[in-house]
2 protein chains.
Amino acid sequence: MSRAETPRRGSRSGRAGIRDVAAAAGVSITTVSDALNGKGRLPDATRRHVREVADRLGYRPSAAARTLRTGKSGLIGLTVTTYGDEPFTFTEFAYFAEMARAATSAALARGYALVILPATSRHDVWSNVALDGTVVIDPSDQDPVVSELVRQGLPVVSDGRPAGALPVTAWVDNDHEAAVLGILDHLADAGARRIGLLTGTTTDTYTHLSTTAYLRWCERVGQDPVYEAYPAHDPCAGAVAADRLLARPDRPDAVYGLFDPNGTDLLAAARRYGLRVPDDLLLVCCSESAVYATTEPPITTLSLKPRRIGTAVVQLLIDAIEGVESDQPVEQVIPTELIVRTSSERRSPRTTVSPPRSPEEG
Amino acid sequence: MSRAETPRRGSRSGRAGIRDVAAAAGVSITTVSDALNGKGRLPDATRRHVREVADRLGYRPSAAARTLRTGKSGLIGLTVTTYGDEPFTFTEFAYFAEMARAATSAALARGYALVILPATSRHDVWSNVALDGTVVIDPSDQDPVVSELVRQGLPVVSDGRPAGALPVTAWVDNDHEAAVLGILDHLADAGARRIGLLTGTTTDTYTHLSTTAYLRWCERVGQDPVYEAYPAHDPCAGAVAADRLLARPDRPDAVYGLFDPNGTDLLAAARRYGLRVPDDLLLVCCSESAVYATTEPPITTLSLKPRRIGTAVVQLLIDAIEGVESDQPVEQVIPTELIVRTSSERRSPRTTVSPPRSPEEG
DNA sequence: TGACCTTGCAGAAACGTACCTGTCAACGGG
DNA sequence: CCCGTTGACAGGTACGTTTCTGCAAGGTCA
């Protein structure tokens, strides 16, 4: 029998298709498509009628078919680095959560959704999802996933400037050197004579830039570097490293910790050694966590502004996807924010009357 | 001209398709498909040859086409509740991050990826992504999104037992009543005479069940309830509520806080009122955060085991998607874990010599 | 009355894959 | 020699859209 004699029965596969809507509305498929997508030249009456019939049938356009036809899926990959089997690390929880939250919002506002894709994931998963582009967090030096994506012609925007010659479409980052130098100056201003650093053994850009900045600052002011490095993805190692740092014979009288849990770890270590904060030890750490506002004493933190980064990254990516000639530069530097609290407050105030508020407060 | 005379040129649209591979390998499209997907009856030589040619051409199958054809996208929605514009709330950061992490891993291991989709998101985003199923966190009473998904015949598994008659495929939850009762007994054992509760004003199941359990416990032991409720999604309100609770004339001598930041907030409030923990005030809060291990003093926490929940939810969902007749029940209760620390340790030890180590330590 | 445009819609060709249905050769048994 | 079987492939259709290209009917203008 010829196929002309076997017309599709309505809703053959359960769900109503555009054909069923067309048949029910007594118009052509084209008209339905145009009516629902606001295209074509149709009188409002037809448009309304089609919309109404579609509603009545509970018609939902097939995302797969649309993607196949248009080449756009409306999906953005969110690539996170992994340690071991787990996506994203404990250390970065607060940062990642805030960043992902902002990215999700920003993407959503422009009609995109985010797909979580660990960088080391099975290749078949990567190739099984149609992405319009990808946000990659802290890409490693020769990330094969990123190279592959770029080779496929997909836009890739990275959070953190790409190491090496990774050819990303755009990137967003903080000025980590400036942030570290600012903190060291802040601590020195507060009376620190020997500033220590709690850093990581990993080779990512953040750790590397921050450590280098510290070493350069030490050289400039003529201080011997005092630092301990530990594998940042191991939460227990951080406590041990904090302890080691304060147990050294050349114990620092101020410490900056590069990672989120360093603040509580250093505080605990200080208590063990009977050091008062900030009297005997000034403390600053890089964190997005709110707990440091209520610790005893509250701890000064550096915020990397993950919300702004997440938003900026997504905007850049979607601009690239949609071919918008953005007036934004493709390399954006987001300023950090130092939230000064008791743990780094001036050791010997020159006066007992309250000093004028610095612009950093409030 | 007839279309037979316009054969497709190789890689017309930039990327190589299955046709190009077939042409280059000198076989048919069917053979390529079978060879790459491990189906059909092909000699190994042909299979290897096709695979090699595909590799050489950098062939990547189109996820959209595959999805359209097979009806499976390999994508799972991760629906989070929203407060205001932002997906998921600050209060649930640690819980959500851990849960999402475990869910991502579990999905990945079975070849699926997660799409973050706030429940209140624009409808066009929801309908623009082809989902095989959805995980929904803490579905509200009459969640329109969930109803819609179920009506489309998609499997929906919820984290948290569904309120009302929400027809989810399966759910995973803790036994919140039992957990609260256990904590109250634990505090009473430690010498608490009047136990207070820091709870929320929202109507979600977790808050409701926990508060009810508290009230019932009070009734049973004959204690007047002492609690403060605040909008849990507002981080500042938590500190105020903690303060209010300790400022009451009928001040409790032990407090359980239902939300993650309650521990530090209560600790700070206790300091303001000169209360020593645990001597004057026993403290427990529900949290997944590691900071409570290093506060002064360390605070006893209840863990809801988000990793286990995330894993279980995804397994149930994928079983439903793939039609696996799971031997797991469709309603799973994950046990909670009370991590006992100094803040809830027995007030008047019977002896001054160090007690034997309890199995919970270490 | 043509020539020409505009309006309102229909037909049909992709998009790239998976899979059902042949087809053809080789082979073996009766 | 015939028939059934099996291995190794090719053809072609369907998945559900979007969109390009018609194509009549009606209006306008010379």
Side-chain angles (χ1 to χ4, degrees), chain A residues 1-4 6-23 25-50 54 57 59-74 127-128 130, chain B residues 1-23 25-50 54 57 59-74 127-130:
Chain A
M1 58 183 160
S2 90
R3 71 195 134 129
T6 54
R8 312 160 185 318
R9 254 75 49 88
S11 66
R12 167 184 59 285
S13 67
R15 288 240 318 257
I18 198 174
R19 262 189 307 265
D20 305 312
V21 178
V27 297
S28 77
I29 291 178
T30 306
T31 303
V32 175
S33 179
D34 283 350
L36 295 181
N37 295 340
K39 303 192 172 178
R41 308 167 296 197
L42 299 179
D44 279 354
T46 307
R47 233 176 261 277
R48 269 199 310 274
H49 176 229
V50 168
L57 296 186
Y59 167 69
R60 297 275 167 260
S62 149
R66 174 174 296 177
T67 300
L68 177 59
R69 183 61 236 245
T70 63
K72 296 289 165 203
S73 67
S127 60
N128 245 335
Chain B
M1 57 182 159
S2 90
R3 72 194 132 131
E5 291 170 11
T6 53
R8 312 164 185 317
R9 254 75 49 90
S11 67
R12 165 184 64 286
S13 68
R15 290 241 315 260
I18 198 175
R19 262 190 306 266
D20 306 311
V21 177
V27 297
S28 78
I29 292 179
T30 306
T31 304
V32 175
S33 178
D34 284 349
L36 296 181
N37 296 341
K39 303 192 173 178
R41 309 169 296 192
L42 299 179
D44 279 353
T46 307
R47 234 174 261 276
R48 269 199 310 273
H49 176 227
V50 168
L57 296 186
Y59 167 70
R60 296 275 166 261
S62 150
R66 173 173 298 179
T67 300
L68 178 59
R69 184 61 236 251
T70 63
K72 296 290 164 203
S73 66
S127 60
N128 246 335
V129 38

Could you give the side-chain donor-acceptor pairs of residues 63-71 of chain B under 3.5 Å, partners two or more places apart or in another chain?
residue : atom : partner  : partner atom : Å
B:Arg66 : NH1  : A:Asn128 : OD1          : 3.3
B:Thr67 : OG1  : B:Ala63  : O            : 2.8
B:Thr70 : OG1  : B:Arg66  : O            : 2.8
B:Thr70 : OG1  : B:Lys72  : N            : 3.2
B:Thr70 : OG1  : B:Lys72  : O            : 3.4

What nucleic acid atoms does B:Asp34 come within less than 4.0 Å of, heavy atoms only: base, sugar-phosphate, or nothing?
nothing
Applying side chain to side chain donor-acceptor pair (under 3.5 Å), can you list everything that pairs with B:Arg60, at least two apart in sequence or on another chain?
A:Glu148
Using nucleotides 4-8 of chain C, report all nitrogen or oxygen pairs with the protein that are shorter than 3.5 Å.
residue : atom : partner : partner atom : Å
C:dG8   : N7   : A:Arg41 : NE           : 3.4
C:dG8   : N7   : A:Arg41 : NH2          : 3.1
C:dG8   : O6   : A:Arg41 : NH2          : 2.6

Taking OP1 and OP2 of D:dA10, is either one under 4.0 Å from a side-chain nitrogen or oxygen of B:Thr31?
yes
How close or far is atom P of D:dT13 from atom CG of B:Leu68, stated in whole angstroms?
17 Å
Between A:Arg19 and D:dG16, does any side-chain N or O lie under 4.0 Å from OP1 or OP2?
yes
Axial bend angle, the helix from C:dT1-D:dA30 to C:dG30-D:dC1: five-pair end segments, nearest 10°
60°
Provide, to the nearest angstrom, the distance between the NZ atom belonging to A:Lys72 and the C1' atom belonging to D:dT17.
17 Å
B:Arg69 has its side chain closest, among D:dA14, C:dG11, D:dA10, to D:dA14
Does a nitrogen or oxygen in the side chain of B:Lys39 sit under 4.0 Å from OP1 or OP2 of C:dA18?
no
Here the pair of heavy atoms bringing A:Ile18 nearest to A:Tyr59 is N-CE1, 3.4 Å
Check: residues 29-42 of chain B side-chain donor-acceptor pairs under 3.5 Å, at least two apart:
residue : atom : partner : partner atom : Å
B:Thr31 : OG1  : B:Ser28 : OG           : 3.2
B:Asn37 : ND2  : B:Ser33 : O            : 3.4

Measure CG/B:Asn37 against C1'/D:dC9 and give the value in whole Å, please.
16 Å
Hey, is the side chain of A:Ser28 poking within less than 4.0 Å of OP1 or OP2 on C:dA10, counting only N and O atoms?
yes
So what does B:Arg47 hit on the nucleic acid, given a heavy-atom distance under 4.0 Å: a base, only sugar-phosphate, or nothing?
nothing
Has the side chain of B:Thr30 got a donor or acceptor that lies under 3.5 Å from a partner of the other kind on the base of D:dC9?
no
To the nearest Å, how far apart are A:Leu36 CG and D:dT19 C1'?
15 Å
Touch class at under 4.0 angstrom, heavy-atom based, for B:Ile29 against every strand present:
nothing
Any side-chain N or O of B:Ser33 below 4.0 angstrom from OP1/OP2 of C:dA18?
yes
Nearest heavy-atom pair of B:Val21 and B:Val50: which atoms, and what distance?
CG1-O, 4.3 Å
Please give, in whole Å, the distance from C:dC15 C1' to A:Ile18 CD1?
15 Å
Please confirm whether any donor atom in the side chain of A:Thr70 sits under 3.5 Å from an acceptor in the base of D:dT17, or the reverse.
no
